Amino acid sequence: MAEAEVGDDVYGDDPTVKALEAATAELLGKDDAVYMPSGTMTNQVGIRTHTQPGDAALYDHQAHVYQLEGGASAAISGVLPRLLPGVRGIFSPADVESAFGRDHRFVPSAVAPPVRLLCLENTHNAGGGSVWPLDTLTAVAGAGRARGLALHLDGARLWHATVATGVAEAAYAAPFDSVSVCFSKALGAPVGSCLAGSHALVARARRFKQQFGGGFRQAGIIAAGALHALRHHRERLHETHANARRFAEGLAAMPGIALDLATVETNIVRFQLTHVAASAFVDEAHRRGVHMLPSGSDGVRAVFYLDIAPQDVDDALTVVDRTLAALARSPPEGA
Ligand SMILES: *Cc1c(COP(=O)(O)O)cnc(C)c1O
């Protein structure tokens, strides 16, 4: 990164950014890609690129684009979300169809907000890193296409789906008009995401990237980290999956924890606490050196990335065990 060759990204002449964009487009089987500072920006620029204010978009009810991006698609693009009832983020062609309603043909076209866009997320964050089966993904995308929808894939964690199944990133990306991928999660780069698609889509996206304030000048410094991660770290991601499984198996054997091992598919472990509140548990574990996130009153999310070694996993299990014991001895007020 310190030796990265840089130019000015706003003028499209930063050679390291351009190399990253070309490598990402090639990997995803698309014409072109555009580098931006965050996965939220690549998703939201993608959504903006496909829609006009007042359009509706179909999202899973737990989608990152819906729940965790600050309400951006409503605030910035004026998009009306229509939520689909996914299970761990995965829904069916019938769910897509149901969003149109039986009596749709009786509604004058000027009255109903037009549904323009369908978004999928693979792997699914709130679903615990769940992987879309390729045939389900293809069928759902086909249902959207049959309704004339644009298709966007939030592939922030797409690498993990590939590691888990052996299905290439480009095969998952194939049905979609736009795909966003993230270099700064388990992959180990400090900053950034790419949005990939056709030449025309990426040209339009570059305009909105600038409009959203995402033109970032000598970005080659951080693009170099992303390019290194893309070239050298995808092949190591299986380590994060093995560590997640090792942690999950340790947790599943502990009293006070409910965890279905079948839900641990990639690098995310979601579990429930049966006797203590998630907030007290997470605070105490944090104090003892293990950082996890609470979700709801009794749920916890643990995520594994490249710098975590198997020995760290065993240490983390010891911390969880001691945390549960400490909370059992002195339950926090209100518990
Ligand atoms: C992290 C994540 C994002 C957003 O990435 P940021 O870089 O944090 O904005 C989008 N989608 C999914 C599924 C994610 O896990």
Side-chain angles (χ1 to χ4, degrees), residues 20 24 28 33-49 57-73 75-77 79 81 83-84 86 88-91 117-132 137 151-164 169 172-173 176 178-196 205 208-209 212-214 216 219 222-223 225-226 229-230 233-234 237 240-241 244 263 265-270 291-293 295 301-306:
L20 173 66
T24 305
L28 296 175
V34 48
Y35 185 47
M36 298 188 218
S38 72
T40 296
M41 192 181 285
T42 48
N43 278 332
Q44 295 301 328
V45 164
I47 290 167
R48 179 67 190 88
T49 301
L58 306 183
Y59 303 143
D60 173 59
H61 68 120
Q62 291 187 303
H64 197 284
V65 292
Y66 173 65
Q67 279 194 318
L68 297 173
E69 300 189 3
S73 75
I76 300 173
S77 297
V79 163
L83 302 181
L84 303 182
R88 300 183 59 233
I90 292 160
F91 47 86
L117 174 65
L118 170 63
C119 291
L120 273 65
E121 184 176 320
N122 191 22
T123 69
H124 198 280
N125 178 9
S130 46
V131 179
W132 275 79
L137 175 140
L151 303 175
H152 173 76
L153 177 64
D154 177 356
R157 304 173 184 274
L158 187 60
W159 333 110
H160 295 281
T162 293
V163 167
E169 287 93 344
Y172 285 122
F176 295 91
S178 57
V179 181
S180 76
V181 290
C182 209
F183 307 108
S184 64
K185 296 282 177 70
L187 213 50
V191 187
S193 282
C194 268
L195 181 72
F208 291 119
K209 168 188 171 181
F212 287 24
F216 50 173
I222 51 177
L230 190 70
H233 289 175
R234 281 169 46 252
L237 282 185
T240 68
H241 294 199
T263 64
E265 298 177 57
T266 54
N267 69 323
I268 299 178
V269 179
R270 285 190 177 271
H291 298 205
M292 294 173 276
L293 278 179
S295 97
R301 186 190 79 152
V303 183
F304 290 80
Y305 56 94
L306 274 183

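Everything quoted here is computed from the prediction, not taken from an experiment. Whatever order the structure lists them in is the order used to number ligands and atoms, beginning at 1.
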With a 4.5 Å cut-off on side-chain heavy atoms, are Leu58 and Phe91 touching? no
**Study point:** Ser130 vs Ile90 side-chain heavy atoms within contact, under 4.5 Å
**Key:** yes
- prompt: Under 3.5 Å, is there a donor-acceptor pair between the Ser295 and Arg270 side chains?
  reply: yes
* Polar side chain donor-acceptor pair, His64 to Asn43, under 3.5 angstrom -> no
Pairs under 3.5 Å, N/O atoms on ligand 1 and on the protein: can you put them in a table with the distances?
{"from": "ligand 1", "atom 1": "7 (O)", "to": "Gly39", "atom 2": "N", "distance (Å)": "2.8"}
{"from": "ligand 1", "atom 1": "9 (O)", "to": "Gly39", "atom 2": "N", "distance (Å)": "3.3"}
{"from": "ligand 1", "atom 1": "9 (O)", "to": "Thr40", "atom 2": "N", "distance (Å)": "2.8"}
{"from": "ligand 1", "atom 1": "9 (O)", "to": "Thr40", "atom 2": "OG1", "distance (Å)": "2.7"}
{"from": "ligand 1", "atom 1": "11 (N)", "to": "Asp154", "atom 2": "OD1", "distance (Å)": "3.1"}
{"from": "ligand 1", "atom 1": "11 (N)", "to": "Asp154", "atom 2": "OD2", "distance (Å)": "2.7"}
{"from": "ligand 1", "atom 1": "15 (O)", "to": "Arg157", "atom 2": "NE", "distance (Å)": "2.9"}
{"from": "ligand 1", "atom 1": "15 (O)", "to": "Arg157", "atom 2": "NH2", "distance (Å)": "3.4"}
{"from": "ligand 1", "atom 1": "15 (O)", "to": "Lys185", "atom 2": "NZ", "distance (Å)": "2.8"}

| Heavy-atom count around Tyr66 OH within 6.0 Å, excluding the residue itself: above 12? | no
Has the side chain of Arg48 got a donor or acceptor atom that lies under 3.5 Å from a matching backbone atom of Phe208?
no
